[in-house]
Each structure stands twice: as structure tokens, then as C-alpha cells.
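See below for the structure under consideration.
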Amino acid sequence: MKIAELDLPTDIKDFYEASGIRELYPPQAEAVKKGFLDGKSLLAAIPTASGKTLLAEMAMLKSIAAGGKALYIVPLKALASEKFERFRQFEGLGVRAGISTGDYDSKDEWLKDRDIIVATSEKTDSLLRNGAPWLSSLTVVVADEVHLIDSANRGPTLEVTLAKLKRLNPALQIIALSATIGNAKELADWMKAQLVVSEWRPTELKEGVFFGRAINFSNDKRVIKTPGPDDVQALVSDTLAEGGQCIVFANTRKSSESIAQKLAKSLSRKMTEEEKAAFLEVKQQVMRHAETDTCAKLAACVEHGVAFHHAGLKGEHRHIIENAFRKNTVKVIACTPTLAAGLNLPARRVIIRDYRRFDVNYGNVPIPVLEYKQMAGRAGRPGLDPYGEAVLIAKNYDELGELMENYVLSLPEQITSKLGTEPAMRAHVLSAIATDFCGDVIGLNEFMDTTFYAHQRGDLSAVIDNVLDFLEAERMIIRTADRLRATELGRLTSRLYIDPLSASIIVRALEASKKRQEPYNTEMALLQLIASTPDVKSLYLRRSDYGWIIKYTDEHISDFLTDVPDVGDETDFEAFLSSVKTAALVDMWVNEKNEEEMTAFYNIGPGDVRNLMETCVWLMHSTAEISHLLKAPLTREARELAVRIDYGVSKELMDLIELEGVGRVRARRLYEAGYKNREALKHVDLQVLAALMGEKVAAKILSQLGRKDVPVSTEPDEEVMGQSTLFSFGD
DNA sequence: GGGTTTAAGATTTAGACAGCATGTC
DNA sequence: CTAAATCTTAAACCC
């Protein structure tokens, strides 16, 4: 089927033809036949890179041309930026794109006159809770990676959000994009959508199991001639020898690092001089942000064209590695599942070294077929590779057969709704009530009946009753004979987007704070408080931690506002110690300990520190808001702490930190040089300041203070990449 | 006796969303 | 009720 034949406005067809697309892929053509261009909803369960995005784009553009508005829901912030960048290319068609995620937000007024808005599912939910008016003028919603409904953490949000959007606008067209799943029909029925299922790919994908000296595919074999000290190294050097790139998936961060280190050693001899020069350049980039052990390791690997990639890396490093891999200046990435879904980062060969993953309850368990297929699907760059190969590794003959049967030849599992649990329902029931979406128990049940859970599993009323009891007992809702109403606390909790259980823990602690007579360390009290909520993922307790944490706990025992559990109550007590451990780390951060000290002592990655701090800012802000509502005595302290956690500074730097371009490091440097606040900087000489932090920054600081005698740089800021301001100031 | 190798025992374990206020989009 | 790779410590070994 040709683009030219489609029932689309001419300028849209011209746009695609100008970019070289003339012909639809088979699954796309099938979708057209099923009527998605006539406004019908569609579930496309087809492999990655086989043209899902194009389907979504055409549906959105057609609807927008008719005066509509589109929302594109993604599971990852990184994916949101990727899609946003793509949709900005529609500017020539008069289509304006916008983006809304937790760390990259646009104001409501700005979004309302955008035609396509990209948002994460949680952000969409939050926008619904905050009553963004433009949501009711949507005509198309795209749900990308909709199989995520299966996720226990995040699936419920996605399905409830879709149900809400549908109810808000019954005529809404839903375009759901999914990996291949076992029960696509069931999901499509729920969405009242047409279904397209296909295994078709633009680049052939060969899946096989490596055993002995050969990759065994379902109907042929490929002998690997390059020997290696182990299977992974043999497979990698084979790929490189034929000019391809490799991604190796491992099940722990440590493994991914050690694989990369081994490869770096064994491969370096085989690279050409030009390649080595390119590697060195990447190494320089990595070194610009290198302060910790992990960074040094990464730099050492990258020098040989190899990298590791996992969530312990800081954001900058992840970007550097991803981009270098795209430019082929990194040849191999060893990673954890970070790269399995989402980002578009294909490779000639994908090696799935571990098909098992640790689970606290069950030990090492085999990963779902769905996840294996997601990793395998990374193999083969469309238009660049002749084919892609996904390789599992068997340790013995029996395993060869098992892997063949259980993964290569297996179909992905059915996805199931995880909405039917109290933790999931707590938040969504409260938000439904708080936003007046449901005014009584009957309405609430009717709404919940439209979720995928109800479609698949049945009635939710028992869980709803339990959750209502909880919310009423915690004074977040008021239940009368015929009405459900949220209290101010309930509305605030819903708006802040925190777990109602977190809110109740915070409320209890703040009530306790009102009764305190003696002075105590409020900073520690607040830090431990937020660390004990379920929204902050507490740190793993190591055996060697017990000693110092118990001592630390003793020192602060009179500061805590939460109840200290009995030592005999093992689970509770461990959770408590863990919250203290987390609080101690945040305390190091707001007292300006350096990154290296924290990551080394806690044995975590710089990326973990960053993520934890972001969560803590959010919860500390929420604590301040709740404290304000309850008229508790900690509002100011909590507000201040939220700012301090955001920047990682002690109290005395709070004034300096207001300056743009000044983070924890520069603020400290200014302070030590005697400039203790912005006032003190007003009349300082440019050259004096330049000696301290470089001319450009100095000029930028002074111009912010209203000085006219400094040259104002017209160049755009270069350091705008996400999280760069906190850790790195290489001047 | 000092240093090295090996075996037994102990330890550790993936990922990533959300508020708010503002510079542009 | 369930695992496995890696790190640490203890013990054996060599000259």
C-alpha cells in the first residue's frame, strides 16, 4: 500500500514522501484496512522498529488536521524527549508539539494550544488529578508500550489513566502500541479497538542459543571461529570482526561491569589507530564528569571501545555512552535491563548472557519470555544491518534444549492487570474521589468496572471497601450515606501525587511534632520521616552496616518523629534501620560531602544518589505542604530542606544558590572566598571573581545582580543537559 | 618465615515514575 | 521451599 493512496491531507502525505517513505509496511497496511485512519481505535501488537510510531503519527496528524488534539503517553522520560524531538519536525505542517514530564514541564497555558503533547503515564495521571482543562478536548490518545499494564508498580496507573481519559471523552480514538503479548485480543476487546498482530520486521531477526562453538538457530547453525576466553568474548569479537556492534545483557550491575572490563582487555589489540583515537575522545567526555570509582572504571573501558550501562551511572554518562554507540565510537555495551525497552538503540548482535534474575522471594528465577523478546528485539539496525542476531548462552546440552524451547520458540506470556491490590487502589480511589470523578460508592464501582482489571478479572468492590475504610480512618475522605467526599488532606495528597500511606505516616509524625517540648534535631527528624515512607525506596541493609547504623540511631534516638519499632520485631526494625541509613545519606548530601565519599561509603552508584535525592526533594516538599495544612511547626524547616536537598548545600549557602549557574561547588567556593551572600557580591570586581570561577561564569553571576559593566555572553548555555548542575563543575 | 594459591564461607542482587517554579520549546 | 556470581577469609602450600 502506497502513502499516496491514503486518505490523508496532501501536505501530510508530502511530508512523508519528502522524508523517503512511500510504501507502508505490511502491518501498517493492515491497520489502515482495519480503519484506524477513519477514527477507529487500534491495538497494534507488533515488534519494535516495525513502524508503530508511524501509525500513531498518521492517526494524530489526521485528527489534528480536522481540528483535534493528541496526547502521546510513554513509559519513560527519556522516551518522552525522543518522541518530542520527532514530533517537532511537524512544525512545517503547522503542528505544534509539547512535552510534559516530571523534570521537564510546561505550564498548562502553554500545553493547551499545543496539538501533540507527549507525557509519561504518571504525568498524565497527575494532569488529570490537577484538572488540566485541555484534557477534555483530546481526540486521539496514543499509549506506547501498553503491555506495561502488566507491571505491578506502574501498570495500574496506565490502565486507570486510560479509563479516565476514555470516560472524559467517549469519542476518543485510542491507538495502543504494544510488544507482542499472549492476550492481545483480550486487551483490544477492553479498549474496543481493532487488533493488528504481526511478527513482521523490516530487518530479519535470527534468534538462537550458543553452545559449544556454534549458535544454534531454529533451522540452522552458525559456527563461531573466533576463539575467546569465554563464550561472551568469543561472540563479541566475532561480531566486531564482521563490522557489527554488540549489546550484552547481564542480570547485575557488577556483572555488566566485569564483562565490560574483560572485553576491554581482550579486544583492545584488534582496533585500528583511527578507532583508538575516537575512543580516546569518548574517554575525554567521560572524564569531564568523573569523580567516582564507577566513573574511572567506565573511562578505562571506553578507552578500548567498550562500555557498561546501568542505572547506577549518572545521567550524563548514560547519554555519552548511548550517543557514542550510535556513532560507533563505542563498539560494545554490557548492560543491565536498562536498555531492554524504550530507547532506540539497536545493535547487530544482542547477547543475553543471563536468562535468570534474582527475586527476593524465589531466588533466581527465569525472566518472562516477554522480557527476553524485548531484549532480543534490539538486534538488527533497520537499513544498516543485513540481519540481527539474538543469542542466549547455554552451559550444557540440556540447557540448550530448554532455552530453545522456553525462549526462542516460545510465545510471550499473557499480561494481567495488577490493579487489584490495596497499595494500587489506595491512590487511584483517592484521586477519583478527590477530583470529583466519582461522587459516591456506586459511581466509584461503576468507574472501576471500566478498567482492564474488571474486564479481565472481575469485581473490585471488596478491595474498594477496604481502601475506603483506610482512607476514612486516615481522614482523607468523608463517607456519608450517599456521598463520598475528599477532605482537604485527601485532595492535597492526591495533588502531591504521593501514596496515601506516605501521607498518613507524615501526618502522624507532624502531629507528634506539635507535642514536642524539648529541642531536638529537626533536620534529622524530617529526613528520617520521609525515608520511612513507601515512596522513598530505602537502601539495602548490608551486614557490615549494622554496627554503625545502630550507633548512629542511638545518637539520634530522641530526634525521630516516627515510632521506633521494637528490636524483636525483626522486619519492622530492619525497615527502620534502613530508613535511618537513607536519612544518613541524605544528611551527608545536604552537608556537602562530596560524591566520591558518599558512593564509596554506601557502595552505590552516582546515579543512585541522584535518583534518591530527587525523590527526597519531592517528599520533603510534600511534607512541607502537609505541615502547612496541619499548622505543624515544621513547615519552614521542611521547605528549606527541600531546597537544600535539591542542591546539596548546607543552610549558609541557600542565598548564593539562587544564582543561575551556581551549584553546590561554586557556591561553596564563593562562600569560602568571603562572599557569603548575593549582597556581598554586588560590588566585586569582575576580574577578581573571574579568578575564582572563570570569566564566563563570573560575568553571568554579576549580570544577574544587575551589573551593567560586564560583557553579557550571547552564546546559549551548554550545560543544560538534565542533571549536570549538581555534581560537575569543571572549570 | 614470607608470600602465593586454593578452598570454604559470607555477601549481595534490575529499573524508574511522581511536585513545583521558571528561563525556551 | 527454591540461586549463583563475586568478594572475603581461612587454610594449605611453596620456596
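Order of the sequence lines fixes the chain letters, A, B, ..., with proteins taken first and strands second; residue numbering starts at 1 for each chain.
Judged by distance alone, the side chains of A:Y647 and A:E658 never bring a donor and an acceptor atom under 3.5 Å apart.
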Tabulate protein N/O versus nucleotide N/O from nucleotides 5-7 of chain B, keeping only pairs under 3.5 Å, one per line.
none

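The structure places CG of A:L79 at 6.5 Å from CD of A:E145, a figure rounded to the nearest 0.5 Å.
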inquiry  = Once pairs are restricted to Watson-Crick or G-U wobble with both distances under 3.5 Å, how does DNA chain C read as a dot-bracket string, [ ] for crossings and | for other-strand pairs?
reply    = ..|||||||||||||
message = What does the B/S/- profile of nucleotides 12-18 of chain B look like, 5' to 3', with a 4.0 Å heavy-atom cutoff to protein?
response = SBBSBBB
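Within the 4.5 Å cutoff, the side chain of A:T336 has no heavy atoms near those of the A:T252 side chain.
Considering only residues two or more places apart in sequence or on other chains, A:E637 meets the salt bridge (charged side-chain N to carboxylate O under 4.0 Å, His left out) condition with none of them. Residues passing the salt bridge (charged side-chain N to carboxylate O under 4.0 Å, His left out) test with A:K373, sequence neighbours excluded: A:E207. A:R154 meets the salt bridge (charged side-chain N to carboxylate O under 4.0 Å, His left out) test with A:E122; sequence neighbours excluded.
The distance between atom CG of A:N130 and atom C1' of B:dC20, rounded to the nearest whole Å, is 11 Å. Distance A:F249 CZ to C:dA5 P: 19 Å, rounded to the nearest Å.
A distance cut-off of 5.5 Å between ring centres, combined with a plane angle under 30°, leaves A:F84 outside any stacking arrangement with the base of B:dC25.
Heavy atoms of A:V617 sit under 4.0 angstrom from at least one base atom.
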